[in-house]
Each structure stands twice: as C-alpha cells, then as structure tokens.
There are 2 protein chains.
Amino acid sequence: MGASKTHIFSPTHNELAQIAKVMAHPARVAILEYISKQDACICNDLVDVIGLAQPTISQHLNEIKKIGLLKGTFEGKNLCYCINQERWEELQQAFHTFFSNINRNCC
Amino acid sequence: MGASKTHIFSPTHNELAQIAKVMAHPARVAILEYISKQDACICNDLVDVIGLAQPTISQHLNEIKKIGLLKGTFEGKNLCYCINQERWEELQQAFHTFFSNINRNCC
DNA sequence: ATTTTATATTGCAATATTACGATAAAGCAA
DNA sequence: TTGCTTTATCGTAATATTGCAATATAAAAT
C-alpha cells in the first residue's frame, strides 16, 4: 500500500492536487516567487538565494517545469528560466475556481 | 537527509507551502469540494462519496482540520464538519496574492 | 445495560519526497 | 585542446505520506 489511488478521482481533482503538490514545498514557492519577479533567472543564482545545494535546486526546478510553469531559453551562455505566463494564469484560475464555490448556509 | 529545511524559508513561504500540501492530494480536494457544497457533512457519507476506507478519510479530514479549514459541531447524533469560511477566504487570498505577482517583461 | 452506528487512533507496510555528494554533460574562454 | 563554469543526472540515505486492518471510543437506539 501507500500509493495514492489517483484513479478513483476525477481529472479535475487530480490536476488541482498535482498543481498544489508543486507548491507544497517552501523551496518551490520561494523559487517561483523569485523567478516571477525577475526578468530572467540563472539557476546558480537560486542556489545562493534559496540556500539549498545545486542538485536540489535543479530537482525542484524540474518539478516546476513538469507542470508547465517554466519556459527556458538560452541567453548568452546561461540557461534562462522564465515563468510561462499563460500557464501561470491557468493555475491562478484553477485555484480561483476551486475557492469560489462555497455554500454559505452552514452550521 | 530527507527532511525539508523549513527553517531556511520565510514564514510566508512555509505557510503557503503548508496550505498547498493539504490540497496536494486528490482525496482532500474532493473532500473539500464536497463539504464546501453541502450544508453539512457526516464523515460516513465521505467514505461512500470518496471511495477510501473510513480511517483514511478520517486522516485526510484531520489534515484539513490542522490548517483550520474545518469547524465541527454536533447536530443531532452525528458530528458535522463544515468549512470555516473565514479561513477559506484567507487561503483564497493567500493564493491570489501569490499568483498576482508576475513580471511581464521576460524572455 | 446492550447493541448499533459513527468516528478516531494505532500499527504497519508500501510508496513518495527531500537532500546532497559524486559525477556527467555542455558550453564558453584561454 | 584544456580548463572553467553552469546545469543535469545518479545513487543513496533520511524522512514523510498514503492506505487500511484492527481496535478503541463515544453517542444514540433498543
């Protein structure tokens, strides 16, 4: 046992959970915030800014990439990670939709 | 190693991560959605609705309770869980604030 | 008082995540 | 080429999460 039973849940619920999972680590929240406020980003900056080892940062970046939140291009010699703005807004909308449904006539 | 280094992150980042963690499982997303759309909720309903064993549902409910999203009162013979609306709106605001900061002049 | 019903807790096995040292790969500079 | 810098991957240990059977608790019904 131990594996999440994703198959019994709806795609919508699974997707929101997957998005939330990426945000469920303070390092990734910090990374996202940092990148979203920069014009560009070089991974090595993050090692200093966040305070985790370079392989760890690389792994966290990969998790963020998996849900499509980053687009990367080369800028001179360094890889440049940026927020994928379209996707960012999709996620914002997903959370907004989720939080907007609440019944006010409760105990 | 393996433990998250929460101490190196800001309270804001840790809190958002903690909230996201609760939403990072489809069962909890489904539970929250279900409760938020009901006037009341009896845990045993959830066992049928969600499709996980009763102890598992109980544990998930506990995670949700930990971040203050539920208030429970007794209604007749059954415990009634409801969404804590104030807290719900706080979380909505937290996500909204997070997603609202993005630099548009990127690569 | 006993049974039934609803929820919580315990204990444990399976799986997932986190972190980092070591190492590899890829580009640039000399 | 050789060396330097930056990022990715591998391997592994520590920790956390998930799920459920078994059991406990607590309130209501009989």
Side-chain angles (χ1 to χ4, degrees), chain A residues 1-9 13-14 17-31 34-35 40-67 70-82 107, chain B residues 1-9 13-14 17-31 34-35 38 40-67 70-82:
Chain A
M1 316 279 151
S4 288
K5 293 184 155 182
T6 52
H7 61 283
I8 68 173
F9 303 107
H13 291 163
N14 278 315
Q18 213 174 352
I19 293 165
K21 203 174 214 170
V22 171
M23 298 182 62
H25 194 289
R28 291 194 291 264
V29 173
I31 289 171
Y34 182 76
I35 301 181
C41 167
I42 295 145
C43 182
N44 198 246
D45 282 3
L46 287 172
V47 174
D48 300 333
V49 173
I50 307 294
L52 291 170
Q54 178 268 323
T56 308
I57 296 291
S58 183
Q59 277 175 29
H60 281 307
L61 277 171
N62 210 39
E63 294 300 311
I64 297 172
K65 245 188 275 180
K66 273 187 199 162
I67 57 161
L70 295 182
K71 45 178 186 177
T73 55
F74 286 93
E75 185 193 69
K77 92 174 181 184
N78 298 318
L79 182 52
C80 163
Y81 288 101
C82 304
C107 49
Chain B
M1 314 282 152
S4 288
K5 294 183 156 182
T6 53
H7 61 282
I8 69 172
F9 303 107
H13 290 163
N14 278 315
Q18 214 174 350
I19 294 165
K21 202 175 213 168
V22 172
M23 299 181 60
H25 194 290
R28 292 193 291 264
V29 173
I31 290 171
Y34 181 77
I35 301 180
Q38 306 291 318
C41 166
I42 295 145
C43 182
N44 197 246
D45 282 3
L46 287 172
V47 174
D48 300 331
V49 173
I50 307 294
L52 291 171
Q54 179 268 323
T56 309
I57 296 291
S58 183
Q59 277 175 28
H60 281 307
L61 277 171
N62 208 40
E63 294 301 311
I64 297 172
K65 244 187 275 179
K66 274 186 196 161
I67 58 161
L70 294 182
K71 45 178 186 178
T73 56
F74 287 91
E75 185 192 69
K77 91 175 183 183
N78 298 317
L79 183 51
C80 163
Y81 287 100
C82 304

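In what follows, every heavy atom counts, from backbone to side chain, and hydrogens, waters and symmetry copies are set aside. Order of the sequence lines fixes the chain letters, A, B, ..., with proteins taken first and strands second; residue numbering starts at 1 for each chain.
In this structure, A:Lys65 reaches the D:dA8 phosphate: one of its side-chain N or O atoms is under 4.0 Å from OP1 or OP2.
Atom pair B:Leu61:CG and D:dG19:C1' shows a separation of 15 Å (rounding to whole Å applied). Straight-line distance from the CE atom of A:Met23 to the C1' atom of C:dT17: 18 Å, rounded to whole Å. If you measure from atom CG of A:Asn14 to atom P of D:dT18, you get 13 Å, rounded to the nearest angstrom. Taking atom CD1 on A:Ile57 and atom C1' on D:dT7, their separation rounds to 12 Å, with Å as the unit. Taking atom NE2 of B:His25 as the reference point, atom P of C:dT15 lies 14 Å away to the nearest angstrom. Between the CG atom of A:Leu46 and the P atom of D:dA8 there is a distance of 11 Å, given to the nearest Å. If you measure from atom CD of B:Glu63 to atom C1' of C:dT9, you get 14 Å, rounded to the nearest angstrom. The separation between A:Asn62 atom CG and C:dT18 atom P is 13 Å, rounded to whole Å.
Counting heavy-atom neighbours within 6.0 Å of A:Glu63 CD, excluding the residue itself, gives a total above 12.
Ranking D:dA16, C:dT9, C:dC20 by closeness to the A:Thr56 side chain, first place goes to C:dC20. When the nucleotides D:dT17, C:dC20, C:dT18 are ranked by their closest atom to the side chain of A:Arg28, C:dT18 comes out on top. Listed nucleotides: D:dG19, C:dT7, D:dT9. Nearest to the side chain of B:His60: D:dG19. The side chain of A:Ser58 lies closest to D:dA8, out of C:dA19, C:dT9, D:dA8.
B:Val29 places none of its side-chain heavy atoms less than 4.5 Å from the side chain of A:Phe9. You'll find the side chain of A:His60 stays beyond 4.5 Å of the side chain of A:Ile50, heavy atoms only.
Heavy-atom nearest nucleotides on DNA chain C were determined for A:Pro55 and for A:Lys21, and the one closer to the 5' end corresponds to A:Lys21.
Under the rule for a side-chain contact (heavy atoms from CB on, under 4.5 Å), A:Gln59 has no partner lying at least two apart in sequence or in another chain.
The main-chain N or O of B:Lys21 is found under 3.5 Å from a side-chain atom of B:Arg28 such that the two form a donor-acceptor pair.
B:Gln59 contributes no side-chain N or O that forms a donor-acceptor pair with the base of C:dA8 under 3.5 Å. At a cut-off of 3.5 angstrom, counting only N and O atoms as typed in the model, there is no donor on one side facing an acceptor on the other between the side-chain of B:Gln54 and the base of C:dA6.
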